[in-house]
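Worksheet: one structure, shown below.
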Amino acid sequence: MDWEKLFFMENEQPLDRFPEGISNTAIFRTMAFIGDSLSSGEFESRGEDHSKGYHDYFEYSWGQYIARKNGLTAYNFSRGGMTAQEYMKSYADANRFFQPEKAAQAYVIALGVNDIIYAGQEVGSVSDIDLANYKNNRETFAGYYAQIIQRYKKIQPKAKFFLVTIPRVRRKDEKVRAHRELLYALADFFENTYVIDLYKYGPVYDEKFNKRFGLYGHMNPMGYIFTANMIDAYIDYIIRKNPGDFYRVPYIGTDLE
């Protein structure tokens, strides 16, 4: 058995293969998924009068698919329409997401579309962050997004963070690229932080893609499974390419080193 060839294909890119069965994501026993509608398994409906309905079905979210596949516990710290600003100003505290009993070993953060594309919030930069006191962060997307990481690091200092870029959607691409650049800067700024770059390595969410995986303006059930496979494969890839960063994952949440 050539285990090196099995685990480290030459010139492999993050989404070149979807792991069959359990993946290295399973080294985490608890994961929290922080995001908006696409992290919540949201489906759109249409009434007889063509009115729109929006419904969060967490059991269909890609985080829960990842959890069921890998036998881990997943927390949906998400909701349709969520922004980093609302998350930090009200939503997370109202739902007690920063309580120690809800601490996770890993956090996957997928926010930004509602913030910078729909609400037009300033993207900002890592210069907006006060490491000593998150309350002093500037009121930019970067400032609020960093607050999320800072608050979770307080309750789980050794946790791993995976930041998800916005996929290519062929609209407002300048803002999408600015969001991507910020996430890479945050990954350099914070320890134990990695980027899941769907902009570079994922598909283009064009008309052909949406016909197969979309339902009105969101995903259909197969789309959420496809997204779960992408996120799971990407985390698996990060772990395989950086094994030394993950040797001590079982000790996250303990006093052991």
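Not a single salt bridge (charged side-chain N to carboxylate O under 4.0 Å, His left out) links D36 to another residue, sequence neighbours left out. Under the salt bridge (charged side-chain N to carboxylate O under 4.0 Å, His left out) criterion, K89 pairs with no residue, sequence neighbours left out.
Cation-pi geometry between R168 and Y205 is not met at under 6.0 angstrom from the ring centre and within 45 degrees of the axis. Both tests hold for R68 against Y65: distance to the six-membered ring centre under 6.0 Å, angle to the ring axis within 45°. Taking the ring axis of Y216 as reference, the NZ or CZ atom of R46 stays within 45° of it and closer than 6.0 Å to the ring centre.
Considering CZ of F77 and CE of M31, their distance stands at 12.5 Å, rounded to 0.5 Å.
Between F246 and F162, the ring planes lie parallel to each other; the angle is under 30°, not in the 30° to 60° tilted range. Ring geometry for H179 versus F141: interplanar angle of 30 to 60°, hence tilted.
Comment: E42 does not engage R79 in a salt bridge, judged by the lack of any side-chain N to carboxylate O separation of less than 4.0 angstrom. Using a 4.0 Å cut-off between charged side-chain N and carboxylate O, E257 and K158 make a salt bridge. Electrostatic pairing of E122 and R138 counts as a salt bridge here, judged by a charged N lying under 4.0 Å from a carboxylate O. Salt bridge status for R151 with D93: present, with a side-chain N to carboxylate O gap under 4.0 Å.
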Checklist line | Stepwise ring-ring contact (aromatic ring centres under 6.0 Å, His included) check, F33 with Y107 | finding: CA-CA 6 Å; F33 297 90; Y107 295 86; 9.6 Å; no
Next item on the list: Check the pair Y224 / F43 against ring-ring contact (aromatic ring centres under 6.0 Å, His included), numbers first and verdict last.
Entry: CA-CA 10 Å; Y224 286 116; F43 295 112; 5.5 Å; yes
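More than 12 heavy atoms of other residues, nucleotides or ligands shown are found within 6.0 angstrom of CD on E12. In Y199, the OH atom is crowded: over 12 heavy atoms of neighbouring residues, nucleotides or ligands sit closer than 6.0 Å. A 6.0 Å sphere centred on CZ of R248 holds no more than 12 heavy atoms belonging to other residues, nucleotides or ligands. Other residues, nucleotides and ligands contribute more than 12 heavy atoms inside 6.0 Å of the CG atom of D49. Heavy-atom contacts from other residues, nucleotides or ligands closer than 6.0 Å to OH of Y251 number 12 or fewer. Enclosure of atom CD in E101 by more than 12 non-hydrogen atoms of other residues, nucleotides or ligands within 6.0 angstrom is indicated. For NZ of K154, the number of neighbouring non-hydrogen atoms (other residues, nucleotides, ligands) closer than 6.0 Å is 12 at most.
A centroid separation of 6.0 Å or more is found between the aromatic rings of F161 and Y194.
One side chain, N70 or D232, offers a donor N or O that lies under 3.5 Å from an acceptor on the other.
With hydrogens and angles disregarded, no donor-acceptor distance shorter than 3.5 Å links the side chain of N192 to the backbone of K160. Although no hydrogens or angles enter the test, the distance criterion places a donor-acceptor pair under 3.5 Å between the side chain of T227 and the main chain of G223. Between the side chain of Q150 and the backbone N or O of D130 there is at least one donor-acceptor pair closer than 3.5 Å. Of the possible polar contacts, one joining the D56 side chain to the G80 backbone as a donor-acceptor pair under 3.5 Å is found. Judged by distance alone, the side chain of Q121 and the main-chain N or O of D115 form no donor-acceptor pair under 3.5 Å. Between the side chain of D128 and the main chain of G124, no donor-acceptor pair closer than 3.5 Å is present.
The side-chain hydrogen bond (donor to acceptor under 3.5 Å, both in side chains) test with S78 is passed by exactly one of S40, S61, S39: S40.
Heavy-atom minimum distance, T25 versus D236: OG1-N, 3.8 Å.
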